[in-house]
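Just so you know, these numbers use all the heavy atoms, side chains as well, and skip hydrogens, waters and symmetry mates. All values reported here derive from a predicted model rather than from experimental measurement. Residue numbers begin at 1 in each chain, while the letters A, B, ... track the order of the sequences.
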Number of protein chains: 2
Amino acid sequence: MDNAIKKMDRPIPLGVVKRLPVYYRFLTGLMKKEIERISSQELADKLGVTASQIRQDLNHFGSFGRRGYGYRVKELQEVIAYILGINQRKNMVLVGAGNLGKAIANYSSFREKGFFIKAVFDNDPAKIGTVLANCKIKSIDFLEEFLCSNNIDIGILAIPVENSTIIAKMFEENGVKGIWSFAPINIKSRRNIVVENVHISESLMTLSYKIQSE
Amino acid sequence: MDNAIKKMDRPIPLGVVKRLPVYYRFLTGLMKKEIERISSQELADKLGVTASQIRQDLNHFGSFGRRGYGYRVKELQEVIAYILGINQRKNMVLVGAGNLGKAIANYSSFREKGFFIKAVFDNDPAKIGTVLANCKIKSIDFLEEFLCSNNIDIGILAIPVENSTIIAKMFEENGVKGIWSFAPINIKSRRNIVVENVHISESLMTLSYKIQSE
DNA sequence: TAGATTGTTAATCGATTAACAATC
DNA sequence: TAGATTGTTAATCGATTAACAATC
């Protein structure tokens, strides 16, 4: 499939990348309903965007439809999965086994998409040794050692803000490729590592604004 | 303070609204360090944006700085809080007391900002009657009744996707002003209610893309 | 006053939308 | 073939950046 995907000369706008998972989710839903084809117009109507935008977004990566016909749902879903790296095994470690960490670890749909939690770390002696997501929770003291001897793609930060910077640094220095952070702080992407911050509390403030401004 | 905030003739771009919480968080940090003034340039440097953007963003709402001086940290923080509706009491109900619901309920900083969970609902008999965030968990059967007899601003959806649409509708029909949804589905804003979707799994896919494209 | 920095207008840039020839 | 819908170019729109007069 690789040769059907455009080599990207320029970086893809972040807005485009953030829409791909939306398309992916919807297409997966269509597949479950055994719908085989869809036009950009139908897709746009369902998602509340324009057909132009969908076609432009896809055009960054290649041509995946047929004129006069539209897109084959399964094919397009697979192409987007490929672009996003879904189903291409990613090994993750989870740091922080609080409620949020537990919620993440138990979210089975990640595993189905190829994202596997290989180890869980925490600094709470009461949690160490208990089991989460098939992993015996380890002391944070063993994190660095574990990273050195295992090929980890993604480090998940589900710990309070105080410790997040030092753990992020440890990820960076030990070959982790990306950080998925839930700490209320902006961890910056650097040369060796990319970061996706999930700012839950900022999202509540955005909602609060929307309510006010009604 | 109200009269210092511009009456908004046109809706504020969502991008602007989403940056305000970032500014707010940073300014709160400065306050803790007892820093009293800051220029748009300094702020921009720290946040990795341009000074122009910060001044433009604020300009949507009014003039809060002094030429030749910059901004008083406390004043600007308070103005942004006011714009976002922080510290203006919001009553919330939480639907779903799984790990994610628990994580949200225990996140104390919401309460400090004026967001209070007034009741928690779940459909699991094992959970009903237990206590979370000072609330005895109620059966989902009592949700509608509760919404009718209490003034609820925000409904939090922390349940599987199957049930989320029906609960969202119940929120809408019973005077809830906003929905904060963690379900992997796009709940649409309607005439009477605004929605903020937190798509955790989409964020992981975005990270996955960033890793691939390195 | 001189220096600094805002508020705001103007210029630029990029993203979205529209249009249409290509073609299934 | 005729109709439909893409891929892609061109036009539009909006957001970001630059510039600078106002003024603290």
Side-chain angles (χ1 to χ4, degrees), chain A residues 3-20 22-23 27 30 35-77 79-80 83 206 209, chain B residues 3-20 22-23 27 30 35-77 79-80 83 206 209:
Chain A
N3 56 354
I5 310 277
K6 266 186 201 173
K7 290 288 160 276
M8 298 147 228
D9 28 7
R10 330 189 162 178
I12 307 296
L14 192 58
V16 175
V17 175
K18 290 200 174 286
R19 282 191 294 268
L20 293 181
V22 179
Y23 303 157
L27 291 165
L30 291 179
I35 294 168
E36 290 194 353
R37 70 164 281 274
I38 193 162
S39 68
S40 57
Q41 188 59 60
E42 289 174 273
L43 195 52
D45 291 345
K46 302 285 187 180
L47 295 175
V49 299
T50 65
S52 263
Q53 182 168 66
I54 291 173
R55 297 208 299 277
Q56 286 283 29
D57 283 353
L58 296 175
N59 195 244
H60 283 101
F61 304 97
S63 308
F64 311 114
R66 269 188 282 159
R67 292 170 206 243
Y69 173 85
Y71 301 86
R72 284 184 48 209
V73 172
K74 183 165 182 291
E75 191 183 316
L76 188 56
Q77 195 257 14
V79 163
I80 295 177
I83 293 168
T206 303
Y209 175 84
Chain B
N3 56 354
I5 310 278
K6 266 186 200 171
K7 288 287 160 275
M8 299 148 229
D9 29 7
R10 333 190 160 175
I12 306 296
L14 192 58
V16 176
V17 175
K18 289 199 176 287
R19 283 191 294 268
L20 292 182
V22 180
Y23 303 157
L27 290 166
L30 291 180
I35 292 167
E36 290 194 356
R37 70 166 280 275
I38 192 162
S39 69
S40 57
Q41 189 59 60
E42 288 174 275
L43 196 51
D45 290 345
K46 302 286 186 177
L47 294 174
V49 299
T50 64
S52 264
Q53 182 168 66
I54 291 173
R55 296 208 298 277
Q56 286 283 29
D57 284 352
L58 296 176
N59 195 244
H60 283 101
F61 303 98
S63 308
F64 311 114
R66 269 188 281 160
R67 291 169 206 245
Y69 174 85
Y71 301 86
R72 284 186 48 209
V73 171
K74 183 164 181 291
E75 190 183 316
L76 188 56
Q77 195 257 14
V79 163
I80 295 176
I83 293 168
T206 304
Y209 175 84

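OP1 or OP2 of dA18(D) has not a single side-chain nitrogen or oxygen of S52(B) nearer than 4.0 Å. A close approach under 4.0 Å does not occur between any side-chain nitrogen or oxygen of R55(B) and OP1 or OP2 of dT16(D). When the side-chain nitrogen and oxygen atoms of S40(B) are compared with OP1 and OP2 of dT6(C), one or more of them lie within a distance under 4.0 Å. In this structure, T50(A) does not reach the dT16(C) phosphate: none of its side-chain N or O atoms is under 4.0 Å from OP1 or OP2. Within the structure, a side-chain polar atom (N or O) of Y71(B) is placed less than 4.0 Å from OP1 or OP2 of dG7(C).
D45(B) and Q41(B) share a side-chain donor-acceptor pair at under 3.5 Å.
One interatomic measurement links the two molecules: CZ of R37(B) to C1' of dC24(D), which rounds to 12 Å at whole-angstrom precision. Atom CD of Q53(B) is separated from atom C1' of dA19(D) by 17 Å (rounded to the nearest Å). Atom CD1 of I12(B) and atom P of dG14(D) are 14 Å apart (whole Å). As a whole-Å value, the separation of L14(A) CG from dT16(D) P is 13 Å. Note: CG (L43(A)) to P (dG7(D)) measures 13 Å, nearest angstrom. One can place CG of L76(B) at 9 Å from P of dG7(C), the figure rounded to the nearest angstrom. Rounding to whole angstrom units, CD of residue Q41(B) and P of dG7(C) are separated by 14 Å. In this entry the distance linking CZ of F64(A) with P of dG7(D) reads 9 Å, nearest Å.
Using the Watson-Crick or G-U wobble rule with both distances under 3.5 Å, dA4(D) pairs with dT23(C). The nucleotide dA18(C) finds its pairing partner in dT9(D), both defining distances of the Watson-Crick or G-U wobble pair being shorter than 3.5 Å.
Note that the OH atom of Y71(A) and the CG atom of L30(A) stand 14.0 Å from one another [nearest 0.5 Å].
Remark: K74(A) NZ is loosely packed, at most 12 non-hydrogen atoms of other residues, nucleotides or ligands lying under 6.0 Å away.
With contacts defined as side-chain heavy-atom distances shorter than 4.5 Å, the pair L58(A)/L76(A) qualifies.
Between the side chain of R67(B) and the base of dT23(D), no donor-acceptor pair of N or O atoms lies under 3.5 Å. A donor-acceptor contact under 3.5 Å is formed by the side chain of Q56(A) with the base of dT9(D).
A residue-by-residue look at V49(A) and E42(B) shows that E42(B) has its nearest nucleotide of DNA chain C further toward the 5' end.
Of the candidate nucleotides dA18(C), dC24(C), dA19(D), dC24(C) has the atom nearest to the side chain of R66(A). Which of dT17(C), dT8(C), dC24(D) sits closest to the side chain of S63(B) comes down to dT8(C). With dT6(C), dT8(D), dT17(C) as the choices, the nucleotide that has an atom nearest any side-chain atom of N59(A) turns out to be dT8(D).
A donor-acceptor pair under 3.5 Å links the side-chain atoms of R37(B) to the main chain of Y69(B), judged by distance alone. Within the 3.5 Å criterion, the main-chain N or O of T50(B) finds no donor-acceptor partner in the side chain of Q53(B).
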